[in-house]
2 protein chains.
Amino acid sequence: MKDFIDKIKTAVENNETAVISANCSVSYSGRVESFLPAGDRLIIIKSDGNLLVHKPNGTAPVNYMKEGTKHEIVREENGFFLKSKNTFLKDFMNIHLHRIHFVNSHALEDGEDITVAGTEKHMAEMIMEKPELIEKGFKPLSLEEHTKYGFIDVFGHDKNNILVVIECKRQNGDLKAVTQLRRYVEKIKELKGLNKVRGILACPQISANAKQMLEDWGFEYKSIGPPKYLEKHKKGQKKLHEF
Amino acid sequence: MKDFIDKIKTAVENNETAVISANCSVSYSGRVESFLPAGDRLIIIKSDGNLLVHKPNGTAPVNYMKEGTKHEIVREENGFFLKSKNTFLKDFMNIHLHRIHFVNSHALEDGEDITVAGTEKHMAEMIMEKPELIEKGFKPLSLEEHTKYGFIDVFGHDKNNILVVIECKRQNGDLKAVTQLRRYVEKIKELKGLNKVRGILACPQISANAKQMLEDWGFEYKSIGPPKYLEKHKKGQKKLHEF
DNA sequence: GGGGAGAGATGCCGC
DNA sequence: GCGGCATTTCTCCCC
């Protein structure tokens with residue numbers, strides 16, 4: 001146990017990224033309060049102060065502390081504790097380390113960022129490039145038009161010169177998407193002093209309730225999905241799912 | 001390198017939770033496509049198939065695979081690859097392991113769940129218990145009233161028997177919260193055939209734009225925050241931030 | 001730093 | 001399973 005504790009101390013002092021596998025219980029106080037009874041978990045301490053507590057299942061961490069958190073190992077009467085404080089956020093965490101399975105650490109260097117293809121933004125850009133995807137005669141004017149009440153994905157006018165507001169969703173359209181579209185259409189009507197502005201929700205699919213609400217309010221639905229191939233795949237290289 | 005590879009293989013075969021620190025590049029294809037050039041990262045493989053790739057900074061994983069994913073180490077001409085497939089989700093990941101810093105694993109057992117105090121639900125419950133927090137004479141009727149257009153946090157009537165819809169937010173109220181409230185109020189008006197229904201947004205703070213929109217539509221703002229002390233703290237035990 | 005909105009959101013609960 | 005929604009959302013972008 002003492003060896004593990006020393007390894008953690010050294011790693012934190014040297015700003016390394018550390019991983020601790022341990023049976024522990026976790027108390028947190030900050031934006032909420034939480035308590036997690038004893039169990040085996042993975043604790044990750046990053047060089048920027050981030051701390052993650054992961055259960056052996058699930059994608060999201062069960063507890064965490066944000067960037068800038070300071071960590072300290074403390075021995076008390078009833079055992080060892082990893083105590084973390086983020087003074088700025090008023091976040092506090094207390095991990096009681098009942099038993100440690102392993103500790104590892106390394107100074108990680110990573111200057112590269114991820115590139116993603118297939119986001120909502122790409123979808124909006126695709127519509128700018130190929131306006132006929134919406135309908136014949138549609139003329140897009142701008143991307144991310146900012147208004148006080150939010151910003152609009154695609155903004156343009158149709159073949160009859162009626163203004164059109166398009167809200168893009170890369171996946172299923174839901175009630176939230178329809179209210180969002182409504183908010184933009186109303187704001188544009190008000191700003192431009194217009195009586196008629198069309199609203200189109202562009203997404204691959206739409207829920208029944210959302211479709212009903214869309215129609216109740218006189219808006220339209222156009223089934224479009226995001227483009228999702230990275231350039232390197234466009235150039236005919238082997239696609240990932242072919243390996 | 002070969003030792004590390006064997007350790008990974010053994011861990012995955014034995015359904016252990018494994019941690020790999022490595023210089024690697026990551027390709028992903030599924031709901032989107034992504035590519036992450038070479039850098040030092042932490043790779044976590046959980047016993048339920050979840051895989052996380054973490055950069056040395058930030059809270060969220062840069063890449064991940066969900067529960068049920070199958071993992072395999074493959075040696076190809078240009079090196080070692082960790083290949084992951086989730087056939088059901090049509091998700092594919094390919095991690096090129098350029099250099100491994102450490103590998104460790106352990107069979108983790110964790111049957112305990114977290115308890116959280118201070119959520120929006122607790123806030124709604126608090127209002128049910130102490131309706132005077134909203135205003136004198138407010139009589140709450142139900143929690144999470146379900147309508148076709150969404151479900152309402154707290155529903156009741158005021159001292160003049162006017163129906164009141166309350167939307168709770170545990171943190172700052174924004175434009176989305178106001179549109180959400182509006183949707184509920186309108187639906188209740190329609191369902192009950194009423195001309196006047198009050199809408200109250202209950203949250204600790206509200207943005208200037210949201211307040212404006214709220215007032216434009218005749219709704220009200222009540223500054224209330226969620227209760228956030230776990231029972232064990234209420235009972236007079238030392239609070240976490242006092243350590 | 002706050003506001004506004006997307007996210008490969010995730011996770012929870014209800015039908 | 002889908003739908004609707006909160007989240008210690010996180011992250012990005014813009015003012």
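Lettering of chains follows the sequences in order, A, B, ..., and the numbering in each one begins at 1. Heavy-atom basis, side chains included; hydrogens, waters and symmetry copies ignored. Computed from a predicted model, the values in this text were never measured in an experiment.
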Inset, instruction - Establish, with yes or no, whether the OP1 or OP2 oxygen of C/dA9 is under 4.0 angstrom from a side-chain nitrogen or oxygen of A/R170. - result: yes
Legend entry - Distance in angstrom units between B/F151 CZ and C/dC12 P, rounded: 15 Å
Legend entry - Crowding at CD, A/E109 (>12 non-hydrogen neighbours, <6.0 Å): no
Legend entry - Span that lies between the P atom of C/dG8 and that of D/dG4, in whole angstrom: 22 Å
Legend entry - Side-chain N or O of A/Y184 closer than 4.0 Å to phosphate OP1/OP2 of C/dA5: yes
Inset, instruction - Look through every strand shown and name the nucleotide pairing with C/dG8 as Watson-Crick or G-U wobble, where both distances are under 3.5 Å. - result: none
Legend entry - Phosphate OP1/OP2 of D/dC10 contacted by A/Y64 side-chain N/O (<4.0 Å): yes
Legend entry - Nearest-nucleotide comparison on DNA chain D, the residue closer to the 5′ end among A/S207 and B/I114: A/S207
Legend entry - Six-ring centre of B/F81, B/K83 cation under 6.0 angstrom, axis tolerance 45°: yes
Inset, instruction - May I have the distance from B/D174 (atom CG) to C/dG2 (atom C1'), rounded to whole angstrom? - result: 12 Å
Inset, instruction - Give B/G118 one of three labels, base, sugar-phosphate or nothing, depending on what nucleic acid heavy atoms sit under 4.0 Å from its own. - result: nothing
Legend entry - Pairwise side-chain contact, A/N63 with A/P61, heavy-atom cut-off 4.5 Å (strictly under): no
Legend entry - B/N209 side chain near C/dG4 phosphate (N/O to OP1/OP2, under 4.0 Å): yes
Inset, instruction - Could you check whether B/N63 gets within reach of a base, just the sugar-phosphate, or nothing at all, counting any heavy atom under 4.0 Å? - result: base
Legend entry - Sugar-phosphate, base or nothing in reach of B/K169, heavy atoms under 4.0 Å: sugar-phosphate
Legend entry - Listed nucleotide nearest any side-chain atom of B/E120, set D/dT8, C/dA5, D/dA6: D/dA6
Inset, instruction - Round to a whole Å and report the spacing from CG of A/L175 to C1' of D/dA6. - result: 15 Å
Inset, instruction - Would you mind classifying the nucleic acid contact of A/Q205 as base, sugar-phosphate or nothing, using non-hydrogen atoms under 4.0 angstrom? - result: nothing
Legend entry - Given D/dA6, D/dC10, D/dG3, the nucleotide with the shortest approach to the side chain of A/N172: D/dG3
Inset, instruction - Measure the CZ-CG distance between A/R31 and A/L89 for me, rounded to the nearest 0.5 Å. - result: 6.5 Å
Legend entry - Whole-Å gap separating P (C/dA5) and NZ (B/K176): 8 Å
Legend entry - Sugar-phosphate, base or nothing in reach of B/K121, heavy atoms under 4.0 Å: nothing
Legend entry - Nearest-Å distance for atom pair CD/P, residues A/E167 and C/dA7: 10 Å
Inset, instruction - Report yes if at least one side-chain N or O of A/Q171 is closer than 4.0 Å to OP1 or OP2 of C/dA9; otherwise report no. - result: yes
Legend entry - Separation of the C1' atoms in D/dT7 and C/dG6, to the nearest angstrom: 15 Å
Legend entry - Distance, P atom - from D/dT11 to C/dG11, rounded to whole angstrom: 15 Å
Legend entry - Between A/D174 and A/S207, a side-chain donor and acceptor under 3.5 Å: no
Legend entry - Residue mapping more 5' on DNA chain C - nearest nucleotide basis, A/P61 or B/V32: B/V32
Inset, instruction - Select from A/I206 and A/N50 the residue whose nearest nucleotide in DNA chain D is closer to the 5' end of that strand. - result: A/I206
Inset, instruction - May I ask you to decide if the ring planes of A/F219 and A/W217 are parallel, tilted or perpendicular, using 30° and 60° as cut-offs? - result: perpendicular
Legend entry - Phosphate OP1/OP2 of C/dA5 contacted by A/R183 side-chain N/O (<4.0 Å): yes
Legend entry - Under 3.5 Å side-chain donor-acceptor pair for A/K169 and A/Q180: yes
Inset, instruction - Would you tell me if any nitrogen or oxygen in the side chain of A/R31 comes within less than 4.0 Å of OP1 or OP2 on D/dT7? - result: no
Inset, instruction - Would you indicate, yes or no, if D/dT11 has its OP1 or OP2 atom less than 4.0 angstrom from a side-chain nitrogen or oxygen of B/T59? - result: yes
Legend entry - Rounded distance in Å - CG (B/L89) to P (C/dA9): 11 Å
Inset, instruction - Take the protein atom CG of A/L201 and the nucleotide atom P of C/dG6, then report the distance between them rounded to whole Å. - result: 11 Å
Legend entry - Protein-nucleotide distance (A/D113, atom CG; D/dT11, atom P), rounded to Å: 12 Å
Legend entry - Nearest listed nucleotide, side chain of B/M93, among C/dG8, D/dT8, D/dC10: C/dG8
